[in-house]
Structure formats: structure tokens, C-alpha cells
Amino acid sequence: MFELHRIPEAELESGKYVKLWHGPQHPGITGNMSLELTLSGDDVVECKTHVGYLHRGFEKMMERRTFIQNFPIVCRIAVPEPTFNEYLYAAAVEELAGIEVPDRAQWLRCLNLEMMRLASFLMWLGGAAGSFGMSTVYQWTVTHRDYMLDLFEEMTGARIYHMYITPGGVRAPLPEGFTERTRSVMDGIEKLLYEIERVVLNNAVFKLRSQGLGFIDPSMIDDYGIVGPNARAAGLARDVRKDSPYLVYDQLDFETITGDKSDAYNRTVQRYQEMHQCISLIRQMLDQTPTSGSFHADLPNVLHWKIPAGQTYVKAECTRGEYGYFLVTDGSEYLRRVTIRGPSYTHAIAVMEKLVVGVNIADVAGLMVSLHTYPPEIER
Amino acid sequence: MQQLCERMTAQFDCDMVMHQKPDLSFLRVDKDKLESALVYLKTHEGFVHLSFVTVIDYIEDSFFRLNYMLHNYETAANLAVQVDIEREAASMHSIHHLWAQGWTYQRELKEMYGINFPGSPRVDEEFVLEGWDGPPPMLRDFDTVKFCEGRFTVREGRESQDVKQTMRDNIYPERGEA
């Protein structure tokens, strides 16, 4: 239930406490946000999350643009993993418009999403190690993420904002030789992960600082709406890919990975295991993705799209958990309303403000990164 | 979901039920029955997860439609509980005591739509906007063009284009108006 850790104003003025702003430029902050910390000595006694540094009014903008014009916008909502926004917006529009997506496009979308998950995890893993002082690891993981970006460039024509998944399918099939090059990159990342296991997960300092840090009691999970690896590390087998399969996940061989304690260390182990799972899924899809057939449905002129009045909610499992798009249409050529639901909304605010109380100032960055949050999906 | 909605209709007089797909339904309750409906769904029907709270501004009919999206992990069902409230001096009962992150959504809706949630923690604190003194910017009648003209200067030599016309002329010239 809701708890406030508020210190009376009179006590704040007693001189026992220090106010410190952690961010928005702090390297330990994930993205453009800040934590207003109240410290007693080295320990945090109160925290307020501040967002808004990257507010661009995505939802408002989308209400004033036609359905197709929203495509270059949605991918910019989460820089490290834009593809989930592309997929969810496309899936919601397709559902309301009654568009059937060809089978080959479903496989290509799924491959694109899992590649995105792996690239995002690589960036996160470097940040997690870096926030505990192991910045060399960041160089390793970002190098391999760059190899993934090379693959995205081949697949979609762009490295970051792909705009590959559009209503009706995808923009292009796989280029020649892509499968072999992707396998080679997967082999490289797999080797890197074994190095990471040795250097990070078995590192005495990392263990000492991260074990027990930011412990999420299982009783918090539902009250706080905690999802994704943060919840799975606590032992809850919840994964949208398994619970409400979409795309071709029901044709792939994988099990939901769970842990037994959600603290900063075990959340790292959880994501490390999910990275291995990602590689396995990508390899399966490279074997099974059809090499012929349509990759896009025939659609009417995009300048004249009018989606029938309706409302829906579609969701997918992004790297951080349930990510969803709630769309309302009124039969015009514009959206009536869109709400984007990202896991950071609760992880970076209600959960962070609770977990950080009592934490040493030096571990705040590590705790925050262990929750894996992206501010733009909060302020949309 | 069908049976659940029937139970809800019988118990809470839902005046609208819509099944969008097998795992997603919408139902509408009166403002004063929302809290008891949410408590019932959470404690008796397994809808323990609050995915989000959002609102749709129906300015033409002078009301807001609040949406509380719930999820049941056992059945993988999503249920949106909707409530219509007056747009003028909009106010709604707080649900912060039901879900620990509920206050954050209410704080956002206060800032972006001007809907008050009396008793909700920190509901008057700035959320995304800093030093904002204008009308709530997500309202349908918030004039974004006027706001931008008043706040920003136009860069010399920059030309504005009508996106649809440009696409029509440059990308799909052969399609004409079709």
C-alpha cells in the first residue's frame, strides 16, 4: 500500500539533513531525470523523482497528426528500444482497421523485436557494470551493441530509429547474407556474456555492493505494478510473450526465466539469463523465418486512412516488462486519444522512491540502473 | 470475460459492456461505484494489476472518460473500467489506497487535464511541467499553435509545409486525390 517517507519541514531545517540533486546530468541516472535526495550523513532518508526534462508531448502530437504521420514519432519515445513502440502502434492500428498481417511479416517483426531486446540489454548491462565502477565492461557491451546496430542498418536502413514495422507488415525482407552475419554476431555476444559472467557476476566487489541492494519484496509486486525482469527475479513467472502470446512467440521454444530474490544483483543475473534466451530465440527465428511470400498487406492510400471508431489496448513484453498502447479512434483521420504505458512509470517513481530510502548515496546509481528505467516513457 | 461482465453488471449496474477481443473488455460504472467495483475486481476476481489510468476528453459532450486498465495474471484477461465525469470542475475519487502507484497517475491527470483527486498524495505537485501557469495542456481545446506562437520565435528563412499536401505532391503524385 501507499507509504510516504516524508520528513517534517521543521526537521529538514534542523541542519541534520542535506538536500542533494542526483541528476539530470549525473552519469548514474538513466536518461534525463533527477532524484531529489534528502540525506542523513551518507544515507538517503527521502527521495522524490523528477521527470519532464525530455517532455515532447508525444501523446498530444499524435492526436494532431494522421495515422501514418505518427510513425516517425512513436519510435522516438524510447531511444534504446524504439521497435516496441513501432510494433505496438502498428498492431493497435491494424486491430482497429481490421488489417491482416502476412505470416512472413510476423516472423520478421518478431526477429526485429528480439534483436532490439538484445541490443537494449547490452546497453543496460554496460550501464549496470559502470554504475559500480566497472566502466571497461561498458566499452565491451557497447561495442557489441554497435555490431547489432550494423545489423539493424542492414535490415531496416537505420541504426536507431528504424521505422521498419509499419501498419500491414514490415518495410523490407531480410537482405542477402543477413542470416549468416547475424549468426556470427550472436556467437560473438555469447562469448562476451561468458566474459561478463566471470568479470561482473563473479566479481567480489560487485556482489558485495549489489546483493541485498534495492530488495523488492514479493508482496510489493502487485501493489506497485512491478513487471518484467524486476518481478521475474522475485520468482513470479510473468511474461507477456508467454501469458498472451503475440506475433510468433507461440511457435518458439522458450520458458519464462525466474529467480528467487529481486535485488540489484539477482536482477542483473536475471537479465543476463534473458540475454542468453534472446540469442536462442534469434537463432530459432533465423532458422524458421520464411524466405518467400508477402511481407506487407495491400493497403489503401495512406493519405486517406480513416480508422473506424473503436478502442483497444495492445501490449508486448519489452526489456523492462509490460509495454502497451491504448488507442481510441472516432472514425476520423486522426487519433482521438493514445496512452502509452511503460514500465518506468511505476519503477522509476513509486518503486524507486520506496527502495532508495536507507541506501548509501554511493549505491543510488546502481540501484536505479538495476530497475532499468527510461524517463521518456513516463513523460511521453 | 462474458460471465465476469454479467456479474459486474448485476452488482454494479454497468451501463455499457464491450468485448473488444477475447482478452480485452470494457465496462462502464457510475462515478460513485468505481471504488467498490475496483475493490471487488481486485480482491474477488483476481484483477490485481493496475496497468494504467488514463482519460479521454469528450469536449463536444462536456465530459471526461476515465479508464482504469486492470489485468488478471491467472486468466490473462484485461479489463478497462470506465467512468464518465463532468468536464466542468472535474473531480474524481482517489484510488491511491488500492494501488501504491495510483497516486502518480492521478498527479499526472491533475496536471495535464485539470482533474482533481482530493486526498491523493502530492496531487498538486508539478509532475512533468515546471512553472506552468496556463490551462492544462492535454485538454482538447488547448491551442498548441497559439501556445507555440506566443512562446517561440520563428526561425528566419524556415518554411512551413502542409505535410499531407507535400506527401501528395512529392511521394504519391500519381494517386491524385484518390
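Proteins come first, then strands; the chains are lettered A, B, ... in the order of their sequence lines, and each starts at number 1.
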Inset, instruction - Return yes if a side-chain donor-acceptor contact under 3.5 Å exists between B:H49 and A:E322, otherwise no. - result: yes

Name the region of [X], side chain, backbone, both or neither, that has any atom closer than 4.5 Å to a heavy atom of chain B.
X      : answer
A:L236 : neither
A:V328 : side chain
A:E379 : both
A:L54  : neither
A:V314 : both

Inset, instruction - Any chance you could measure A:K315, atom NZ, to B:D23, atom CG, to the nearest 0.5 Å? - result: 7.5 Å

Legend entry - Gap separating the CG atom of A:D222 from the NZ atom of B:K42, nearest 0.5 angstrom: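 Interatomic distance, A:D222 CG to B:K42 NZ, rounded to 0.5 Å: 7.5 Å.
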
Heavy-atom pair of closest approach, residues [X] and [Y]:
X      : Y      : answer
A:R64  : B:F142 : NH2-O, 3.5 Å
B:T104 : A:Y345 : O-OH, 3.3 Å
B:A76  : A:D243 : CB-O, 3.6 Å
B:Y58  : A:R336 : CA-NH2, 3.5 Å
B:T144 : A:K60  : CG2-CE, 3.8 Å

Inset, instruction - Name the region of B:Y105, side chain, backbone, both or neither, that has any atom closer than 4.5 Å to a heavy atom of chain A. - result: both

Inset, instruction - Counting only heavy atoms closer than 4.5 Å, note whether B:N67 contacts chain A via side chain, backbone, both or neither. - result: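 B:N67 touches chain A through side-chain heavy atoms alone.
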
Side chain proximity check, [X] to [Y], heavy atoms < 4.5 angstrom:
X      : Y      : result
A:E63  : B:R140 : yes
B:F127 : A:I349 : yes
B:M138 : A:R337 : yes
A:Q311 : B:Q82  : yes
B:Q20  : A:E95  : yes
B:K21  : A:T312 : yes
A:F326 : B:S51  : no
A:I226 : B:Q101 : no

Inset, instruction - Kindly indicate whether a cation-pi arrangement holds for A:R341 with B:F52, taking the cut-offs as under 6.0 Å to the six-membered ring centre and within 45° of the axis. - result: no

